[in-house]
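Below is one structure, written out as C-alpha cells; the observations come after it.
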Amino acid sequence: MDHQTWKFPIVTSKRKREPQVRDDEKHEVLHRPKRLKIGMRTVFERLAAKRIDPSSLTTFDTSILKDGGSAHVVRYTMLTVDKSGPLQNTSTSFRAVAVKKFKLSDSDVDRKVQSAAFANELILLSEIQHDNIVEMLGFVENSEEKLAWIVFPWEGNGNIREFVQSANWVIPERLSL
C-alpha cells in the first residue's frame with residue numbers, strides 16, 4: 001500500500017499578556033509545551049483525497065451497533081467505483097463499512113468544539129499506520145447538514161475488547177493472547 005506522508009502545519013497560539021510567575025515556577029513555565037492549533041479548514045483541505053460522497057453510502061442496518069458520548073457506530077454499505085482498469089474501464093463494487101457518526105449539537109458554540117474534536121481525530125487517524133489498528137477509509141463532512149462521519153472497513157469479528165470479554169476461546173486463541 002502506497003501511503004502519502006505529510007504533516008499538518010502547526011500554528012502556535014499567541015498570548016496577549018504573559019502571566020506573572022514566581023521565581024520558583026519559572027523553570028516549569030519555560031519548559032511547558034505551547035498549545036497547538038490547527039485550522040479545521042486546513043485539515044479538510046489536506047485530507048480531500050479521503051473525502052467520501054455520502055450518496056455512496058447506504059444503510060445496511062438501521063440499528064446503532066455501538067453508542068458513545070460523542071458518536072455512535074452504524075454498519076453501512078459503500079459503493080466504490082474503480083477507474084484504474086485498462087482503457088479507463090470502470091468497475092463497481094460494494095463493501096461493508098463501519099461509519100462513526102459524530103453527534104453534532106444545534107448550538108454554534110458546541111458545534112465548533114465538536115467539529116474541532118472531529119478534525120483532531122481525522123488528523124490522528126490519517127497519520128497512524130499499524131497492523132493492529134483499522135485504517136480510516138475516509139470521512140464525510142458537511143457543516144450545513146451537520147454531518148461528521150468517519151468511515152472504517154467493517155470488521156465482522158468485532159473488536160478485541162468484545163473478544164476478550166466473551167472468554168469463548170479455543171486453545172490456539174488462548175495461547176496467542
Side-chain angles (χ1 to χ4, degrees), residues 1-14 33-84 88 90-162:
M1 213 184 282
D2 184 27
H3 292 285
Q4 184 181 20
T5 55
W6 50 269
K7 300 289 180 196
F8 285 94
I10 303 213
V11 179
T12 58
S13 62
K14 295 179 183 177
K34 291 183 179 181
R35 185 171 177 202
L36 304 177
K37 291 183 181 179
I38 299 171
M40 288 181 286
R41 186 168 288 160
T42 303
V43 172
F44 299 142
E45 287 171 1
R46 290 286 176 107
L47 293 174
K50 293 270 191 181
R51 188 177 288 272
I52 295 175
D53 181 6
S55 66
S56 68
L57 298 167
T58 307
T59 306
F60 182 84
D61 184 5
T62 58
S63 62
I64 294 174
L65 300 172
K66 296 291 176 194
D67 194 22
S70 62
H72 56 267
V73 178
V74 180
R75 185 174 177 186
Y76 273 69
T77 301
M78 183 169 75
L79 171 69
T80 56
V81 178
D82 184 16
K83 295 181 182 179
S84 62
Q88 296 297 317
T90 60
S91 64
T92 59
S93 62
F94 293 94
R95 172 182 199 170
V97 294
V99 177
K100 182 177 182 179
K101 299 172 93 176
F102 284 76
K103 301 172 187 174
L104 297 181
S105 171
D106 289 330
S107 163
D108 287 341
V109 175
D110 291 340
R111 198 168 334 137
K112 280 185 179 182
V113 171
Q114 292 164 337
S115 295
F118 175 67
N120 285 334
E121 190 160 342
L122 287 177
I123 293 168
L124 179 69
L125 290 170
S126 69
E127 293 182 354
I128 290 180
Q129 293 175 340
H130 192 277
D131 292 339
N132 296 332
I133 298 175
V134 177
E135 182 181 353
M136 174 183 73
L137 295 176
F139 70 97
V140 174
E141 180 273 330
N142 185 330
S143 59
E144 293 171 4
E145 295 181 24
K146 295 188 224 171
L147 296 179
W149 302 350
I150 301 178
V151 181
F152 299 96
W154 177 257
E155 296 296 334
N157 293 326
N159 60 42
I160 190 70
R161 179 184 298 157
E162 292 169 348

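Note that the coordinates shown come from a computational prediction; the quantities given were computed from them, not determined experimentally.
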Grab the two heavy atoms, one from [X] and one from [Y], that are nearest each other, plus how far apart they are.
| X | Y | value |
| --- | --- | --- |
| A119 | V43 | O-CG1, 3.9 Å |
| F152 | K100 | CE1-CB, 4.2 Å |
| F102 | E121 | CZ-OE1, 3.3 Å |

Suppose we screen for side chain to side chain contact (heavy atoms under 4.5 Å, CB included). Which residues come up paired with [X], at least two apart in sequence or across chains?
| X | answer |
| --- | --- |
| A96 | R75, W154 |
| V113 | none |
| S105 | S107, D110, Q114 |
| L124 | I128 |

Under the salt bridge (charged side-chain N to carboxylate O under 4.0 Å, His left out) test, which residues partner D106, sequence neighbours left out?
->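 In terms of salt bridge (charged side-chain N to carboxylate O under 4.0 Å, His left out), with neighbours along the sequence ignored, D106 is linked to K146.
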Counterpart residues, salt bridge (charged side-chain N to carboxylate O under 4.0 Å, His left out), relative to R51 (two or more places apart) =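 R51: salt bridge (charged side-chain N to carboxylate O under 4.0 Å, His left out) contacts with E141.
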Listed by chain and number, what are the side chain to side chain donor-acceptor pair (under 3.5 Å) partners of [X], not counting sequence neighbours?
| X | result |
| --- | --- |
| S55 | D53 |
| S143 | none |
| K112 | none |

To the nearest 0.5 angstrom, please state how far the OG1 atom of T80 sits from the CZ atom of R95.
->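 Reported to 0.5 Å precision, the distance equals 7.5 Å.
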What distance separates K101 NZ from S70 OG, expressed to the nearest 0.5 Å?
->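 Between atom NZ of K101 and atom OG of S70 there are 14.5 Å.
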Name all residues meeting the ring-ring contact (aromatic ring centres under 6.0 Å, His included) criterion together with W149; count only those two or more places apart in sequence or in a different chain, and write none if there are none.
->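 Only Y76 meet the ring-ring contact (aromatic ring centres under 6.0 Å, His included) criterion with W149.
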Side chain to side chain contact (heavy atoms under 4.5 Å, CB included), paired with L47, selected from L122, I123, T42 |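 One option only clears the test, and that one is L122.
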If only atom types and distance count, is the side chain of K50 paired as donor or acceptor with the main-chain N or O of S126 below 3.5 Å?
->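 Looks like no, no N/O pair under 3.5 Å.
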Run the numbers on F139 and L125 for side-chain contact (heavy atoms from CB on, under 4.5 Å), then give the verdict.
-> CA-CA 11 Å; F139 70 97; L125 290 170; over 6 Å; no
How are the rings of F118 and F44 set to each other: parallel, tilted or perpendicular (split at 30° and 60°)?
->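 Correct class here is tilted.
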If you define the side chain from C-beta out and look only at heavy atoms, does anything of [X] sit under 4.5 Å from [Y]?
| X | Y | answer |
| --- | --- | --- |
| P153 | L137 | yes |
| F94 | T58 | no |
| L79 | T92 | yes |

